[in-house]
Amino acid sequence: MRVSRLLLVTLRETPADAEIPSHQLLLRGGYIRRVSAGIYVYLPLMWRVIKKVMKIVQQEMDLVGGLETLLPQLQPSELWKKSGRWEGYTQGEGIMFNLKDRQKRSLGLGPTHEEVVTSVVDELINSYRQLPITIYQTQTKFRDEIRPRFGLMRGREFIMKDAYSFHTNESCLQDTYKKMDAAYKKIFARCGLKVIPVEADSGAIGGEASQEFMLTADSGEDCILISPDGKYAANQEKAVSIPSDPLPIKEEQSSIQTTICSGSIEDLCKTSQLDSSQIIKVILMLATIEEGKFQPILISLRGDQELNEVKLFNEVTKLINKNVLEISPITSEGVASQGLPPFPFGSIGPDLEDTYLKGAKNWSNNFMRLADHTAIKLKTFICGANELNKHKFNTNWKEISKTPSPLDIRKAKPGERCVHDPLQTLQEARGIEVGHIFQLGTKYSNALRATFTDEEGTLKPFWMGCYGIGISRLSQAAVEQNNDDLGIIWPLAIAPYHVIIVIANMQDILQKELGEMLYLKLQESKIEVLLDDRDERAGVKFKDADLIGIPLRIVVGRDAKEGKVEFLIRHSKQSKLVSSHEALNEVITHVQSISNA
RNA sequence: CGGGAUGUAGCGCAGCUUGGUAGCGCACUUCGUUCGGGACGAAGGGGCCGCAGGUUCGAAUCCUGUCAUCCCGACCA
């Protein structure tokens with residue numbers, strides 16, 4: 001391709017609304033254009049990158065027996081109501097765009113495809129003889145993100161590869177899950193990217209085991225915790241650790257004392273000379289449950305610990321066995337709007353009476369009482385006395401009439417001891433989630449009554465797995481991991497073109513002819529080649545070549561008269577003078593190295 | 001959803017305090033000189049100053065509303 005015909009529009013200045021390097025570089029390099037928040041045009045260079053990523057992914061999916069299909073984006077609400085996800089996905093923090101057609105039928109734009117794929121597989125598969133099966137697609141997905149940002153990283157419209165597997169039993173599912181795990185590792189390696197698999201929460205999709213693939217980058221939105229020996233890696237949402245030990249308190253007669261402070265743990269520690277690990281703090285949250293119900297939750301945590309809302313969400317869902325739409329903090333305004341008397345915020349203890357909720361307009365009249373292990377393990381502690389500016393000192397769970405059962409709802413933090421080896425401490429890293437694999441089990445097949453007939457002639461629900469890769473996100477994340485002060489440095493396997501020939505001076509006939517000759521020969525060798533034939537000054541062309549990040553470069557310049565050119569590898573910044581023939585061979589050797597990988 | 005900021009040419013910005021018919025740099029067009037790391041000179045083209053109301057003889061500028069975009073937060077108040 002000739003650069004003069006490429007629709008290459010590069011920007012010298014960084015657009016003001018781009019924050020992270022990859023977003024800035026893709027805009028500046030003429031790869032993408034924003035149409036609306038979280039909605040982008042993939043310009044010709046970007047589309048080539050995306051197609052390359054898709055191709056690698058598709059090849060590896062085919063190798064593990066995946067069948068490629070294309071599922072609809074426009075999906076009827078009935079399907080989502082059957083699986084029980086319609087409300088959760090359209091209300092509260094719901095992420096599904098939804099609409100009504102002229103018949104007033106409700107439809108959603110697919111943020112994911114479990115419902116559709118499960119129902120179609122149910123129609124097609126009747127017998128265990130047809131199983132196992134894996135179906136996949138590469139499709140544009142729609143998600144009404146709370147806050148789209150960072151270009152393609154968190155878009156409202158994006159490209160994803162999603163695969164779904166169906167099995168007669170759990171061990172067969174686990175077998176495919178393992179194969180997918182291996183295929184994913186191979187995919188990221190082939191793309192030339194550093195990606196770490198971590199244990200993960202399965203989130204709204206639900207299910208049992210799940211693993212995320214995190215591309216390491218400083219701008220990553222996710223915090224991951226890793227053990228130095230590499231044996232443990234988890235998303236902070238899911239991570240476990242051994243908490244630090246609390247500072248012991250001398251056991252004395254318990255007493256209620258006046259504490260003049262703002263109500264924060266920090267203040268209380270200062271004014272009463274305590275350590276935060278000696279205090280039990282209480283957080284009030286409100287769960288919004290399907291069918292418009294609201295459940296106040298009273299959570300006890302050790303003072304130095306932080307609430308892990310994802311763990312909390314999962315535990316609450318398990319306990320009430322219904323879809324929870326949202327969990328958010330209870331505020332004094334919220335209390336007032338229920339027509340309730342004010343709560344003693346800042347001095348609440350684990351035993352705050354349920355009578356505080358009596359007469360609430362639409363909240364449940366009882367607190368759901370939860371506590372983290374670290375709180376329950378405290379023998380003696382300080383906690384709120386349920387009266388403004390009063391705390392109970394040297395109290396214990398025996399004195400607290402309402403002892404909740406212990407759960408793991410605390411946040412693991414870097415520096416804490418690892419569960420598998422207490423001699424090691426967790427390290428923090430930032431990551432961009434580019435892939436996620438799940439063992440769904442029978443959640444969706446049960447909900448949608450998707451069944452097959454087994455050897456004994458009885459109906460069984462499918463065992464299912466699902467496996468996603470964010471194609472467009474991965475393509476940008478690759479830039480986040482591979483750039484320098486001059487621009488992008490694409491890994492060869494996913495670069496839009498393998499090589500760019502820069503003719504330094506288009507006025508020089510010798511240079512021009514040698515460049516054209518190399519261009520032709522490279523094309524004949526099936527090399528993806530760009531020829532910068534623009535009538536620009538050499539400096540401009542070098543800057544653009546650096547910016548758009550083509551991994552290999554041949555500069556045809558003043559040594560053309562000796563038949564020599566410069567060969568340069570983008571990431572090394574070093575060039576060497578070679579004959580045009582040698583340059584050809586260099587390019588061919590490099591390109592072959594990726595096809596052999 | 002809460003907080004903050006910003007909307008002026010394709011991109012980056014000034015002008016707004018103190019109202020008087022819109023400017024700079026880059027990019028674009030033409031000509032000339034130049035030609036290995038984002039050249040120089042000359043001459044041009046391009047703007048309903050986000051949108052809608054209001055105040056005023058007169059609004060990019062002041063007031064009100066609205067929309068959009070970006071950032072932070074949505075965890076111990």
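Just so we're on the same page: letters track the sequence lines, and every chain starts at 1. Every heavy atom of this structure was used, including side-chain atoms; hydrogens, water molecules and symmetry mates were not.
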[atom1] atom, [N] versus [M]: distance in rounded Å?
N      : M      : atom1 : value
B:rA52 : B:rA43 : C1'   : 40 Å
B:rG53 : B:rC1  : P     : 26 Å
B:rG4  : B:rU21 : C1'   : 35 Å
B:rG10 : B:rG45 : C1'   : 14 Å
B:rU61 : B:rU8  : P     : 14 Å
B:rG25 : B:rC67 : C1'   : 30 Å
B:rC48 : B:rC11 : P     : 13 Å
B:rA9  : B:rG44 : C1'   : 15 Å

Now, which nucleotide makes the Watson-Crick or G-U wobble pair with [N], with each of the two distances under 3.5 Å?
N      : value
B:rA52 : B:rU64
B:rC28 : B:rG44
B:rC70 : B:rG4
B:rG58 : none

Would you state whether a donor and an acceptor, one from the side chain of A:Arg28 and one from the base of B:rG38, lie under 3.5 Å apart?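 Result: at least one qualifying N/O pair found.
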
Could you tell me whether the side chain of A:Asn505 has a donor or acceptor atom within less than 3.5 Å of a complementary atom in the base of B:rG36?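 By the distance-only test, no, there is no pair.
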
Examine [N]: is either OP1 or OP2 under 4.0 Å from a nitrogen or oxygen in the side chain of [X]? Give yes or no.
X        : N      : result
A:Arg537 : B:rA39 : yes
A:Arg149 : B:rC70 : no
A:Ser36  : B:rU69 : yes

Once salt bridge (Lys or Arg N to Asp or Glu O under 4.0 Å) is applied, do any residues pair with A:Lys573, and if so which ones, sequence neighbours excluded?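 Here the qualifying residues are A:Asp485.
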
NA contact type, [X], heavy-atom cut-off 4.0 Å: base, sugar-phosphate, or nothing?
X        : result
A:Phe343 : nothing
A:Asp508 : nothing
A:Gln511 : nothing
A:Arg558 : base
A:Ala504 : base

Among [options], which is the nearest nucleotide to the side chain of [X]?
X        : options                : value
A:Asp546 : B:rU34, B:rG37, B:rC70 : B:rG37
A:Pro329 : B:rA74, B:rC70, B:rG38 : B:rA74
A:Arg553 : B:rG10, B:rC71, B:rG37 : B:rG37
A:Asp544 : B:rG38, B:rG36, B:rC1  : B:rG38
A:Arg34  : B:rC70, B:rG10, B:rG37 : B:rC70

Here's one to test your reading of the geometry: is the NZ or CZ of A:Arg48 within 45 degrees of the ring axis of A:Tyr497 and under 6.0 Å from its centre?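 The answer is yes; both the distance and angle limits are met.
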
Does any donor atom in the side chain of [X] or [Y] lie under 3.5 Å from an acceptor atom in the other side chain?
X        : Y        : result
A:Asn362 : A:Gln338 : yes
A:Ser572 : A:Gln574 : no
A:Asn366 : A:Gln295 : no

Let me know the distance between [atom1] of [X] and [atom2] of [N], rounded to the nearest Å.
X        : N      : atom1 : atom2 : result
A:Gln507 : B:rG36 : CD    : P     : 11 Å
A:Tyr40  : B:rU69 : OH    : C1'   : 10 Å
A:Asp535 : B:rU29 : CG    : C1'   : 15 Å
A:Leu11  : B:rC28 : CG    : P     : 12 Å
A:Arg534 : B:rC35 : CZ    : C1'   : 15 Å
A:Asp533 : B:rC35 : CG    : P     : 21 Å
A:Asp485 : B:rG37 : CG    : C1'   : 13 Å
A:Glu309 : B:rC1  : CD    : P     : 19 Å

Salt bridge or not between A:Lys392 and A:Glu399? Use side-chain N to carboxylate O under 4.0 Å.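 Salt bridge: no.
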
Between the side chains of A:Arg154 and A:Glu221, is the shortest nitrogen-to-carboxylate-oxygen separation below 4.0 Å, so that they form an ion pair?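 Yes, A:Glu221 and A:Arg154 are salt-bridged.
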
A:Glu480/A:Ser219 under side chain to side chain donor-acceptor pair (under 3.5 Å): CA gap, chis, key distance, verdict: CA-CA 8 Å; A:Glu480 198 61 31; A:Ser219 68; 3.0 Å; yes

Does atom NZ of A:Lys512 have more than 12 heavy-atom neighbours, drawn from other residues, nucleotides or ligands, at distances under 6.0 Å?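 Atom NZ in A:Lys512 is not crowded, with 12 or fewer foreign heavy atoms closer than 6.0 Å.
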
For A:His373, I'd like to know if atom NE2 has over 12 heavy atoms of other residues, nucleotides or ligands within 6.0 Å.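 Yes.
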
Give each protein N/O atom lying under 3.5 Å from an N/O atom of nucleotides 12-14 of chain B, with the pair distance.
| unit_1 | atom_1 | unit_2 | atom_2 | d |
| --- | --- | --- | --- | --- |
| B:rG12 | OP1 | A:Ala16 | N | 2.8 |

Closest nucleotide of RNA chain B for A:Lys411 versus for A:Arg12: which of these residues is on the 5' side?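 The residue mapped nearer the 5' terminus is A:Arg12.
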
5' priority, RNA chain B, between A:Lys543 and A:Glu536 [closest heavy atom]: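 Nearest-nucleotide comparison on RNA chain B picks A:Glu536.
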
